[in-house]
Amino acid sequence: DLRPSEMKPRAPSRPPSKSRNSSVNGRGVSASDFTFGRQLGQGSYSSVMYAKSVSTGEEYAIKVIDKGHLKRKDKTHIAQAERNTLVKLGSGHPGIVRLHSTFQDNWSLYFVLDLARNGELQSRISNLGSLSLPCARYYTAQIVDTLGYIHSKGVLHRDLKPENVLLDDNFRVKICDFGTGKILGDSDRAATFVGTPQYVSPELLERNETTKSSDYWALGCIVYQMISGKFAFHGLSDYLTLEKIKKIDYSFPEGFDEEAKDLVQKFLIRDPAQRLGAGPPGSPNDVRALRSHPFFASINWATLWSDPAPPFE
Ligand code: ATP
């Protein structure tokens, strides 16, 4: 096992100092309460490490964020946004990586998160080329259900992509990375596009605007990708990809399931207000209408989080 002092690549080169605790649950927690293991992933400002609680043996993923790097890049607000949105979302839905506690030492911020042992949805799509229809349907339904909860709490994700859709022990969805998340009504510093261009919505590109509807745009791109194995919008350069998004220039490969096609077409439309799932309750494109779409006819929403996941194929 790696101790925190040995974490790579951006972890402190010294042992953790006496940590300042700012735990979510109010208890004093520090790095010495965990045995750290392998690196599970890496983001722009963080390493995510496997960790086990010394006292309970419970396993977690701990996101270790380099404070110096955040400060140098003027990105402290990203860690704050992630913490605030995760606290707001709490433990109210199985499809979200839950934040158990946070603490810090001189060099790093530590977020103690649910462990999603089966990695990223992206890796499954890459390994298989594309997903079977039952598989794509199941993951789409779990994302729809989770987004419904996230939005009902007044939170936008704003960086939904298959790398941020993680899989737990039972291959169920755990959405992570709320670093560009936003709590509606809060002031906003993150509404400019950074990162992967493939899932960004036309309204963000053209008007710097995001609403919950932009998360459904991203979902449309994800559904397309799960079924076809290709990005909906992809040019030879990021610039050309963004041009395609602005023009909504995409097409379906032959044999793409008709109901899935109809669903994607109802997500990938220019007017955010018209997108399926984004309308106010009672409107023809509200969340209920989305859940009643024929693509989901075989989904039992009541048992979605207890039914076994279909095999990956
Ligand atoms: P980005 O620079 O892409 O915004 P980030 O710094 O916000 O990334 P995350 O996306 O939260 O970091 O995490 C990076 C990677 O670490 C994830 O894509 C995933 O592979 C892994 N990871 C994150 N959280 C967990 C978790 N709870 N369980 C297992 N692996 C995780």
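Note that ligands are numbered from 1 as they come in the structure, with each ligand's atoms numbered from 1 the same way.
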Task: Heavy atom of the protein closest to atom 16 (O) of ligand 1 (residue, atom name, distance) - done: Gly41 CA, 3.3 Å
Task: Full working for ring pair (Phe, Tyr, Trp, His ring centres under 6.0 Å) between Phe256 and Tyr224 - done: CA-CA 9 Å; Phe256 198 98; Tyr224 180 101; 5.7 Å; yes
TODO: Record the part of Glu120 in heavy-atom contact with ligand 1 below 4.0 Å; permitted values are side chain, backbone, both and neither.
DONE: side chain
Task: Contacting atoms of ligand 1, where contact means under 4.0 angstrom from a heavy atom of Ala61 - done: 26 (C), 27 (N), 28 (N)
TODO: Would you tell me whether Tyr199 and Gln225 have side-chain atoms, one donor and one acceptor, within less than 3.5 Å of each other?
DONE: yes
TODO: Look at atom CZ of Arg288 and say whether more than 12 heavy atoms of other residues, nucleotides or ligands are closer to it than 6.0 Å.
DONE: no
Open item on the list: Using heavy-atom distances only, which candidate in Gly119, Gly43, Ala116, Cys176 approaches atom 29 (C) of ligand 1 most closely?
Closed with: Ala116
Open item on the list: Please list, in number order, the atoms of ligand 1 under 4.0 Å from a heavy atom of Asp114.
Closed with: 26 (C), 27 (N), 28 (N)
Task: Geometric N/O contact Glu82 with ligand 1, under 3.5 angstrom - done: no
- [ ] Identify the heavy atoms of Glu203 and Arg270 that sit nearest to each other, and give their distance.
- [x] OE1-O, 4.2 Å
Open item on the list: Considering both backbone and side-chain atoms of Lys161, is one of its nitrogen or oxygen atoms within less than 3.5 Å of a nitrogen or oxygen in ligand 1?
Closed with: no
Open item on the list: Would Asp145 and Arg291 count as a salt bridge (charged side-chain N to carboxylate O under 4.0 Å, His left out) here? Give the steps.
Closed with: CA-CA 8 Å; Asp145 199 61; Arg291 293 161 76 102; 2.7 Å; yes
Open item on the list: On the six-membered ring of Phe312, is Arg124 placed so that its NZ or CZ lies under 6.0 angstrom from the centre and within 45° of the ring axis?
Closed with: yes
Task: Side chain, backbone, both or neither: the part of Arg117 lying under 4.0 Å from ligand 1 by heavy atom - done: neither
TODO: Evaluate the salt bridge (charged side-chain N to carboxylate O under 4.0 Å, His left out) criterion for residues Asp114 and Arg98: first the C-alpha distance (whole Å), next the side-chain angles of each, then the deciding distance (0.1 Å), finally the verdict.
DONE: CA-CA 5 Å; Asp114 278 343; Arg98 177 180 166 200; 5.6 Å; no
TODO: Around atom 1 (P) of ligand 1, find the nearest protein heavy atom and jot down its residue, atom name and distance.
DONE: Asp177 OD2, 3.5 Å
Task: Nearest-0.5 Å distance that lies between atom CD in Gln42 and atom CE in Met49 - done: 10.0 Å
Task: The single option from Arg38, Glu59, Gln39 passing side-chain hydrogen bond (donor to acceptor under 3.5 Å, both in side chains) against Tyr50 - done: Glu59
Task: Region of Ile78 that comes within reach of ligand 1 [heavy atoms, distance under 4.0 Å] - done: neither
TODO: Answer with side chain, backbone, both or neither: which part of Val48 has a heavy atom less than 4.0 angstrom from an atom of ligand 1?
DONE: side chain
- [ ] Heavy-atom distances under 4.0 Å are what count here, so tell me which part of Ser44 touches ligand 1: side chain, backbone, both or neither.
- [x] both
- [ ] Considering non-hydrogen atoms only, spot the tightest contact between Leu86 and Val97 and give its length.
- [x] CD2-O, 3.3 Å
- [ ] Go through ligand 1 atom by atom and flag the ones less than 4.0 Å from a non-hydrogen atom of Glu163.
- [x] 18 (O)
Open item on the list: Could you identify the single nearest non-hydrogen protein atom to atom 6 (O) of ligand 1 and state the distance to 0.1 Å?
Closed with: Ser46 OG, 2.9 Å
TODO: Just need the protein heavy atom nearest to atom 11 (O) of ligand 1, so name the residue and atom and give the distance.
DONE: Lys63 NZ, 2.7 Å
- [ ] Quick one: list whatever passes salt bridge (charged side-chain N to carboxylate O under 4.0 Å, His left out) with Arg137, sequence neighbours left out.
- [x] none
Open item on the list: For the 3.5 Å polar cut-off, considering only N or O atoms, please tell me whether Asp159 and ligand 1 meet it.
Closed with: no
TODO: Using heavy-atom distances, let me know which of Leu167, Leu40, Leu166 sits nearest atom 25 (C) of ligand 1.
DONE: Leu166
TODO: Show which atoms of ligand 1 fall inside a sub-4.0 Å distance from at least one heavy-atom site of Asn164.
DONE: 10 (O)
